[in-house]
Amino acid sequence: MVLNGPSSDVWLTPWIDHLTAMGVQFKLGWTATGFTYSGGRVTGAQVTGPTGPTGAASTVTADHYVAAMPVERIRPLLSSAMKTADPALARLDRLQTDWMNGVMIYLKQPRPIAEGHLIYAATPWALTSISQAQFWTTNFAATYGDGTAVDCLSLDLSDWNTPGILFGKTAKQCTRPQIVQEVLAQVRSALPNGAALLPDSIVHSWFVDPAITGEGTPAVANDEPLLINSTSSWSNRPNATTAIPKAGIHIHLGMS
């Protein structure tokens with residue numbers, strides 16, 4: 001099952017519109033920094049507003065609290081007292097994350113390489129891809145970009161620590177253009193007649209996940225790592241309802 005258009009157009013924006021129509025308010029630019037906890041209950045959510053005159057810290061109180069966020073975001077917010085009250089929250093520290101981020105290559109010619117996802121099992125960077133335009137109900141070229149891009153080869157890069165075949169560098173050591181060149185080289189090497197299938201002449205443009213910063217430098221970082229399911233990790237994932245009354249948690253697996 002794949003989406004029939006860009007995630008924002010066919011999933012996120014319609015869902016936001018639906019919730020807004022039901023009275024839900026979205027507060028963009030606010031950051032959760034912790035919880036206040038007393039008497040065995042969560043008594044508030046500590047937040048910091050957007051930068052500027054209204055950027056002061058404050059505490060939001062509510063009847064119920066739901067923390068629906070990635071595991072690396074929720075862990076710093078949990079106090080020792082909360083972990084003691086619900087040992088399942090303490091076990092979140094055992095869950096592991098790793099890097100898995102996207103590279104999108106826009107093409108001047110359609111390339112429906114497969115009717116679904118492809119796994120390039122032997123590639124050093126553990127690549128997967130999907131050719132998107134074949135599944136989208138809109139006219140790709142007429143709807144997006146300057147009209148000359150007709151397809152998008154959307155890839156996930158899942159191994160950032162193994163040297164590649166083009167530059168002999170890990171993905172963390174490569175600049176953004178080098179990442180794209182290396183990804184193309186690995187895809188071409190994995191596909192039958194790959195060089196002819198994906199020549200440079202049909203590459204319109206590309207986009208590397210902005211969560212990757214400082215690429216090609218010792219300061220390289222990833223703002224959106226992915227929860228990985230290591231051996232026996234299921235027992236370390238909490239239930240949706242915690243042992244703390246009126247406090248729930250949902251661990252977001254992460255999206256590239």
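Around atom CD1 of Ile119, no more than 12 heavy atoms belonging to other residues, nucleotides or ligands sit under 6.0 Å away.
Between Ser189 and Ile165, some side-chain heavy-atom pair lies under the 4.5 Å cut-off. The side-chain heavy atoms of Leu118 and Thr128, taken from C-beta on, include no pair separated by under 4.5 Å. Ile105 places a side-chain heavy atom less than 4.5 Å from the side chain of Leu184. Contact check for Leu153 versus Ile113: side-chain heavy atoms found under the 4.5 Å cut-off. The side-chain heavy atoms of Tyr65 and Val60, taken from C-beta on, include no pair separated by under 4.5 Å. Considering only heavy atoms from C-beta on, His18 stays 4.5 Å or farther from Pro14 through its side chain. Looking at heavy atoms from C-beta onward, Leu107 lies out of side-chain contact with Val150 at the 4.5 angstrom threshold. Using a 4.5 Å heavy-atom threshold, the side chains of Arg91 and Pro87 count as touching.
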Original post:
Please walk me through it: do Val47 and Trp30 pass side chain to side chain contact (heavy atoms under 4.5 Å, CB included)?
Top reply: CA-CA 7 Å; Val47 298; Trp30 290 76; 3.7 Å; yes
Subject >> Step-by-step side chain to side chain contact (heavy atoms under 4.5 Å, CB included) determination, Met82 to Val42 >> reply: CA-CA 8 Å; Met82 293 175 68; Val42 173; 4.0 Å; yes
**OP:** Step by step, work out the side chain to side chain contact (heavy atoms under 4.5 Å, CB included) result for Leu198 and Val187.
**Re:** CA-CA 9 Å; Leu198 286 172; Val187 170; 3.6 Å; yes
**OP:** Dump the intermediate steps for side-chain hydrogen bond (donor to acceptor under 3.5 Å, both in side chains) on Asp17 and Thr20, then the final yes or no.
**Re:** CA-CA 5 Å; Asp17 291 344; Thr20 301; 5.4 Å; no
Original post:
What's the verdict on side chain to side chain contact (heavy atoms under 4.5 Å, CB included) for Leu157 and Met100, showing C-alpha distance, side-chain angles and the deciding distance?
Top reply: CA-CA 6 Å; Leu157 197 171; Met100 179 180 177; over 6 Å; no
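Expressed to the nearest 0.5 Å, how far CD of Gln173 lies from OG1 of Thr170 amounts to 3.5 Å. Distance check: Glu215 CD to Thr175 OG1 gives 7.5 Å after rounding to the nearest 0.5 Å. Rounding to the nearest 0.5 angstrom, the gap separating the CZ atom in Arg94 from the OG atom in Ser230 is 11.5 Å. Taken from OG in Ser131 to CD in Glu115, the straight-line distance is 10.5 Å, to the nearest 0.5 Å. Taking CG of Asn4 as the reference point, atom CH2 of Trp136 lies at 10.0 Å (rounded to 0.5 Å).
Phe167 and Val180 fall into different hydrophobic clusters, where Ile, Leu, Val, Met, Phe, Trp and Tyr are joined by side-chain heavy atoms under 4.5 Å apart, directly or via other members. Criterion: ILVMFWY side-chain heavy atoms under 4.5 Å apart, direct or through other members. Under it, Val208 and Leu127 are part of a common hydrophobic cluster. Under a hydrophobic clustering in which Ile, Leu, Val, Met, Phe, Trp and Tyr are joined whenever their side-chain heavy atoms come within less than 4.5 Å, directly or via other members, Ile202 and Val103 fall into the same cluster. Linking ILVMFWY residues whenever their side-chain heavy atoms come closer than 4.5 Å, directly or via other members, leaves Trp125 and Ile228 in distinct clusters. The hydrophobic cluster containing Met69 also contains Val71, counting ILVMFWY residues as joined when their side-chain heavy atoms lie under 4.5 angstrom apart, directly or transitively.
Between the side chains of Thr13 and Ser8, no donor-acceptor pair is found at a separation under 3.5 Å. At a cut-off of 3.5 Å, with distance as the only test, a side-chain donor of Tyr120 or Ser129 sits close to an acceptor on the other residue. Side-chain contact of Asp146 with Thr148: a donor-acceptor pair under 3.5 Å is present, judged by distance alone. Defined by atom type and a distance below 3.5 Å, a donor-acceptor pair is missing between the side-chain atoms of Asn236 and Ser233. Between Asn101 and Asn222, the side chains place a donor N or O and an acceptor N or O closer than 3.5 Å (distance only, hydrogens not considered). With hydrogens and angles left out, the side-chain atoms of Gln178 and Arg176 include no donor and acceptor closer than 3.5 Å.
Judged purely by atom type and a 3.5 angstrom limit, Asp209 has no side-chain atom pairing as donor or acceptor with the backbone of Ile212. A donor-acceptor pair under 3.5 Å is formed between the side chain of Thr43 and the backbone N or O of Thr36. The closest donor-acceptor contact from the side chain of Arg75 to the backbone of Leu92 lies under 3.5 Å. Not one N or O on the side chain of Thr61 forms a donor-acceptor pair closer than 3.5 Å with the backbone of Gly44. Here the side chain of Arg41 pairs no donor or acceptor atom with the backbone of Ile244 at under 3.5 angstrom. Looking at Thr217, its side chain does come within 3.5 Å of a backbone N or O of Gly214 through a donor-acceptor pair. Using a distance-only test at 3.5 Å, with no hydrogens or angles considered, no donor-acceptor pair links the side chain of Asp223 to the main chain of Ala211. The backbone N or O of Leu166 lies less than 3.5 Å from a partner atom in the side chain of Glu182, making a donor-acceptor pair. Between the side chain of Gln132 and the main chain of Asp151, no donor-acceptor pair closer than 3.5 Å is present.
Nearest heavy atoms, Gln186 versus Gly164: NE2-CA, 3.8 Å. Here the closest non-hydrogen pair linking Ala85 and Ala243 is O-CB, 3.9 Å. What you find for Cys152 and Met104 is that their closest heavy atoms are SG-CB, 3.8 Å. Considering every non-hydrogen atom in both Phe35 and Leu78, the closest pair reads CE1-CD2, 4.3 Å. In terms of heavy-atom proximity, Gln96 sits nearest to Leu227 at O-CD1, 3.4 Å. Contact detail for Phe140 and Ala149: the closest heavy-atom pair is CD2-O, 3.3 Å.
Remark: Asp9 engages Tyr144 in a side-chain hydrogen bond (donor to acceptor under 3.5 Å, both in side chains) (not counting sequence neighbours).
Each ring pair (Phe, Tyr, Trp, His ring centres under 6.0 Å) pair with one or both residues in residues 196-232, not counting sequence neighbours, would appear here, but there are none. Sorted by first and then second residue, the ring pair (Phe, Tyr, Trp, His ring centres under 6.0 Å) pairs with a member in residues 78-106 read Trp99-Trp160; sequence neighbours excluded.
Salt bridge Arg188/Asp200: present, at least one basic N to carboxylate O contact under 4.0 Å.
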